[in-house]
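In what follows, chains are A, B, ... by sequence order, proteins preceding strands, each numbered from 1.
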Protein chains: 2
Amino acid sequence: MKEGPDISRIGSLIGDPGRANMLSALMSGKALTAGELASEAGVLLQTASGHLAKMEEGGLIRRNRQGRHHYFVLADEDVARVLEALMGLAAKRGQLRTRTGPRDPEMRFARVCYNHLAGDLGVALFDALKRDQALMVGVDGLELTQTGQQQIDALGIHVDPKGRAPLCRECLDWSERRSHLAGRLGRAILDHLYSEGWAERVADSRVVSFKPKGLGQFKAAFGIS
Amino acid sequence: MKEGPDISRIGSLIGDPGRANMLSALMSGKALTAGELASEAGVLLQTASGHLAKMEEGGLIRRNRQGRHHYFVLADEDVARVLEALMGLAAKRGQLRTRTGPRDPEMRFARVCYNHLAGDLGVALFDALKRDQALMVGVDGLELTQTGQQQIDALGIHVDPKGRAPLCRECLDWSERRSHLAGRLGRAILDHLYSEGWAERVADSRVVSFKPKGLGQFKAAFGIS
DNA sequence: CAAACACTACGGCCCGTACCGAAGCATTAA
DNA sequence: TTAATGCTTCGGTACGGGCCGTAGTGTTTG
């Protein structure tokens, strides 16, 4: 038969543990160098270089040369969503790492998913926006309502009204197994968390660390209980 | 580092071309025997048997023994959604099969996605339901409104109001790159197409073949232009 | 009962590829 | 210019896994 697109190429790219670790690290949304990704994968630089070339060729990641450093990022949000969905399957199948990460609970509470907020708080944010009718389903997918626009304006969150990427998008959260908010709005809200000082990134991790006061302010801003 | 679930196991399962072909075939929602899947993958039965054991072990497929036949199906809808999402990535990356399938246009027009309708018509159906406010976003995801319930009641579509699987769910369509309807409601509507004789399955394919009259009736029923 | 059928299990071959050592480029620092 | 850094490329090794031939198990048919 052989109908439809060929998924085996992408599958085999993700199928190597080293490359999978690199991709997981890139889910932090940060641009990482080949060296950093090599240590992430637990291989020497030469080996990592080969992996990265393959993933670039396969369209999973993009490369930015800056001086003698090569910075890598995920190619686009579509890749991030597929990875998050795969993590959902893997988690459900109980294929957690034998040595579960030390920051696992923090990851589940709040983490970065490419460029937006995920985890318990990410899902709670999404639920609150839907509850307040800030988001509604239009023909072209999820749309920001006038109410929602007013809400984020009031908070001082600025999101470019135009742009090629979708404004709102759902992304299935692997730890909660429910959707959180992605798209340009999702990115803008995460940026806001940082710029307001409510939260900050944890080095070498996808974890988003909320400050006690910041967590309260965040919850109050969006009406999260 | 090594945070989060291990996606490499699932990736490597999908990464083999033979196994990927088997999974694509299972996206038709039909239960296929080991022999059928072997010819699908282009390998001998012994080889296919090994692949199937691995995919069963990995939780991607389930097995039903009936007499001397072993029937295989995708493990659940989550697997189907990940596969469809992967196809979306692969199609976008231009990694279509070198020898594009003979029924490619028909696949893009109307096909089965595990147990619901996908392709051009699938997306149009989803859009029409949203336009008519038959579906709306609730806190727990997509919900069937009272209007929507009346609409499908009037059409004689029966969907079990309770059930563990979600009633409505979005599924990203690989050919249209937009969502279509999945979940128990999506399944019920596809079943309705068959039972009303509006369309029928094409053997050995995911293609849904509409009869001329049936296509008109389907479009009229849901207000698709 | 034997024969045909559908599939699984085992063993050996072989190709693909991950891995690392060594060497080569490019960029930055001294 | 020389040295150090970050990365790529090449070459060779080794291991894993896909593949098929053969054999074995369970089921249906005659």
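- The separation between A:H69 atom NE2 and C:dA26 atom C1' is 12 Å, rounded to whole Å.
- If you measure from atom NZ of B:K54 to atom P of C:dT8, you get 14 Å, rounded to the nearest angstrom.
- Two residues are said to be in side-chain contact when any heavy atoms from C-beta on lie closer than 4.5 Å; A:I189 and A:L155 fail this criterion.
- Taking side-chain N and O atoms only, B:S49 has no distance below 4.0 Å to OP1 or OP2 of C:dC7.
- When distances are taken from the side chain of A:V43 to each of C:dC7, C:dA18, C:dC19, the shortest belongs to C:dC19.
- Among the nucleotides D:dC7, D:dC19, C:dC20, the one closest to any side-chain atom of B:T47 is D:dC19.
- In this structure, the CG atom of A:L37 is 13 Å from the C1' atom of D:dC7, given to the nearest Å.
- Side chain of B:T33, nearest nucleotide from C:dA18, C:dT8, C:dC7: C:dC7.
- Checking the phosphate oxygens (OP1, OP2) of D:dG6, no side-chain nitrogen or oxygen of A:H70 falls inside 4.0 Å.
- The distance from atom CE of B:M55 to atom C1' of D:dG17 is 15 Å, rounded to the nearest whole Å.
- In this structure, the CD atom of B:E57 is 16 Å from the C1' atom of D:dG17, given to the nearest Å.
- Position along DNA chain C of the nearest nucleotide to A:Q66 versus A:D16 favours A:D16 as the more 5'-ward residue.
- The side chain of A:Q46 lies closest to C:dA22, out of D:dC20, C:dC19, C:dA22.
- Exactly one of A:R184, A:R187, A:H180 qualifies for a side chain to side chain donor-acceptor pair (under 3.5 Å) with A:H116. That residue is A:H180.
- Whole-Å rounding puts the A:R65 CZ to D:dC7 C1' distance at 10 Å.
- The aromatic rings of B:F218 and B:F210 are tilted relative to each other, their planes meeting at an angle between 30° and 60°.
- B:L45 comes within 4.0 angstrom of a nucleotide base, judged by non-hydrogen atoms across all strands.
- In this structure, the CZ atom of A:R19 is 12 Å from the C1' atom of C:dG16, given to the nearest Å.
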- Message: Pair B:S175, B:R111 - check side chain to side chain donor-acceptor pair (under 3.5 Å), show working.
- Response: CA-CA 10 Å; B:S175 57; B:R111 68 176 177 277; 3.0 Å; yes

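- Of all nucleotides listed (C:dG21, D:dG21, C:dT28), C:dT28 comes nearest to the side chain of A:R68.
- Within the 4.5 Å cutoff, the side chain of B:R169 has heavy atoms near those of the B:D78 side chain.
- Looking at the side chain of A:H51, the nearest of the listed nucleotides C:dA29, C:dA18, C:dA6 is C:dA18.
- The distance between atom CG of B:L44 and atom P of C:dA6, rounded to the nearest whole Å, is 15 Å.
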